[in-house]
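Below is one structure, written out as structure tokens, with a few remarks after it.
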Amino acid sequence: MDESIRLFGYWASPFALRVEWTLKLKEVQYEYVEEHLPEKSSLLLQYNPVHKKIPVLVHGGRPVAESLVIMEYIDEVWKNNPILPQDSHERAKARFWAKFADEKCMPSIMKSFVTEGEEEKAKAAEEAREQLKTLENGLEGKRFFGGETIGFVDIAAGWLGIWARLVEEIVDVKLIDAETMPLLRAWFAHFLELETIKECVPPWDKLLEHSRGFHKKLTAPATT
Amino acid sequence: MADEVILLDFWASPFGMRVRIALEEKGVKYEYREQDLRNKSSLLLQMNPVHKKIPVLIHNGKPVSESLIVVQYVDEVWKDKGPLLPSDPYERAQARFWADFVDMKIYGLGSKTWQTKGEEQEAAKKELIECLKLLEKELGDKPYFGGETLGYVDVTLVPFYTWFYAYEKEGNFSIETECPKLIEWANRCLQKESVSKSLVDREKVYGFILELKKRRGIE
């Protein structure tokens with residue numbers, strides 16, 4: 001029976017990173033396959049015909065796509081170091097905050113990344129800070145969203161700490177404000193200090209260079 | 001100790017309908033509380049302070065929001081009856097994938113069919129049909145997305161059937177002509193009491209859309 005585990009990813013993708021963090025936390029051996037985006041391999045198109053995106057986890061030849069779906073799959077197959085809580089209400093809360101991070105925090109940070117004009121940029125950054133402040137409420141004063149150890153939301157939202165710092169540096173805005181969101185700032189620091197987490201994050205200057213390139217592309221004047 | 005289950009909902013919401021179906025499938029006794037979305041109750045604002053939206057399930061005083069998260073919660077708590085997600089992890093992942101696909105595409109594209117005109121509307125209609133065809137393909141020869149019984153994806157998608165009529169009237173196209181198997185599936189779902197009790201009349205939904213258009217000044 002084919003039990004091989006392959007992860008199709010892209011080095012700079014936060015979504016692939018989530019899956020790597022989850023696999024590493026569970027001590028699962030896997031083969032990483034780098035997709036050279038924007039080129040897409042025929043294997044990727046075969047394994048994710050609907051969205052044609054990474055990450056895709058292929059377990060015993062069977063593909064699973066969409067990072068949060070993959071995370072829940074891994075949690076159900078490999079039961080050590082569970083990332084979702086046992087209690088149903090706590091599970092619902094975890095899914096809620098992971099969704100909030102994706103649907104509200106990520107896009108609002110992206111908006112402050114691409115908005116031009118000082119006034120508009122300041123307004124976009126203010127909105128992003130509001131979403132991050134709301135996310136802080138989800139921590140409920142705990143060290144991690146998962147409690148004393150990291151869980152589903154920490155892994156899903158952890159990238160925001162890295163992304164926010166990149167955006168702050170490239171477009172010169174303040175996003176993770178130590179004064180107004182001290183707990184969130186502390187959480188990002190604790191999360192990114194963990195060995196399992198640290199060892200998967202690409203080098204800062206590589207990420208910075210990549211993000212600068214990304215910024216140039218996104219803010220290039222539209223060609224008619 | 002008896003469970004206290006309250007659902008804060010809005011009659012026309014496809015997201016609310018998902019939760020209604022799930023509760024009915026599980027035979028859960030619950031209190032339905034219709035919300036006025038133009039004048040939100042303090043209970044709604046207290047129970048869903050982040051999004052201030054329905055549906056919200058309040059189970060013994062504790063709130064759960066975001067319709068698919070609520071459906072999964074109901075499936076987990078009342079696990080002895082009418083399981084919605086399969087037991088195999090890979091099958092569960094597939095069900096979650098397709099439910100996520102429905103969430104990502106159907107409501108947004110459907111809304112564009114009545115909120116926009118011209119090229120934007122045509123593009124939305126085209127993409128909506130493409131997405132529905134993909135879902136039809138995924139359904140295949142099975143009676144339900146869940147296989148022999150109603151499952152997670154069925155519950156996620158079937159409420160939109162009540163909005164198809166409005167999309168068709170406004171967009172001047174026929175979903176049934178393009179996706180006959182999907183409409184067959186929807187009618188099959190409606191044979192189930194949990195679904196027929198939870199879904200609303202499509203003419204009423206159409207009337208609601210027209211009222212919304214007037215209110216928002218959409219031509």
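All values below come from the heavy atoms of this structure, side chains included, with hydrogens, waters and symmetry mates left out. The shown structure was predicted, so the numbers you read here are calculated from the model rather than taken from an experiment. Reminder, nothing fancy here: chain letters follow the sequence lines and each chain counts from 1.
Remark: B/Ser41 engages B/Gln35 in a side-chain hydrogen bond (donor to acceptor under 3.5 Å, both in side chains) (not counting sequence neighbours). Applying the salt bridge (charged side-chain N to carboxylate O under 4.0 Å, His left out) test to B/Lys117 and every residue at least two apart in sequence or in another chain returns nothing. Residues satisfying the side-chain hydrogen bond (donor to acceptor under 3.5 Å, both in side chains) test with B/Glu168, not counting sequence neighbours, are none.
Considering only heavy atoms from C-beta on, A/Val64 stays 4.5 Å or farther from B/Phe97 through its side chain.
In A/Phe214, the CZ atom is not crowded: 12 or fewer heavy atoms of neighbouring residues, nucleotides or ligands sit closer than 6.0 Å. Heavy atoms from other residues, nucleotides or ligands lying under 6.0 Å from CD of B/Glu34 number more than 12.
By number of non-hydrogen pairs under 4.5 angstrom with chain A, the leading residue of B/Pro49, B/Pro63, B/Cys131 is B/Pro63. Highest contact tally toward chain A, considering only B/Ile69, B/Leu68, B/Val77, is held by B/Ile69 [criterion: heavy-atom pairs under 4.5 Å].
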Taking only distance into account, so ignoring hydrogens and angles, what donor-acceptor contacts under 3.5 Å exist between chain B and chain A?
{"from": "B/Pro63", "atom 1": "O", "to": "A/His89", "atom 2": "NE2", "distance (Å)": "2.8"}
{"from": "B/Glu66", "atom 1": "OE1", "to": "A/Lys99", "atom 2": "NZ", "distance (Å)": "2.5"}
{"from": "B/Glu76", "atom 1": "OE1", "to": "A/Arg91", "atom 2": "NE", "distance (Å)": "2.9"}
{"from": "B/Glu76", "atom 1": "OE2", "to": "A/Arg91", "atom 2": "NE", "distance (Å)": "3.4"}
{"from": "B/Glu76", "atom 1": "OE2", "to": "A/Arg95", "atom 2": "NH1", "distance (Å)": "3.1"}
{"from": "B/Glu76", "atom 1": "OE2", "to": "A/Arg95", "atom 2": "NH2", "distance (Å)": "3.2"}
{"from": "B/Tyr90", "atom 1": "OH", "to": "A/Pro63", "atom 2": "O", "distance (Å)": "3.1"}
{"from": "B/Arg92", "atom 1": "NE", "to": "A/Glu76", "atom 2": "OE1", "distance (Å)": "2.9"}
{"from": "B/Arg92", "atom 1": "NE", "to": "A/Glu76", "atom 2": "OE2", "distance (Å)": "3.2"}
{"from": "B/Arg92", "atom 1": "NH2", "to": "A/Glu76", "atom 2": "OE2", "distance (Å)": "3.4"}
{"from": "B/Gln94", "atom 1": "NE2", "to": "A/Pro63", "atom 2": "O", "distance (Å)": "3.3"}
{"from": "B/Arg96", "atom 1": "NH1", "to": "A/Glu76", "atom 2": "OE2", "distance (Å)": "3.0"}
{"from": "B/Arg96", "atom 1": "NH2", "to": "A/Glu72", "atom 2": "OE1", "distance (Å)": "3.2"}
{"from": "B/Arg96", "atom 1": "NH2", "to": "A/Glu76", "atom 2": "OE2", "distance (Å)": "3.4"}

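Here the closest non-hydrogen pair linking B/Val64 and A/Ala92 is CG1-CB, 3.7 Å.
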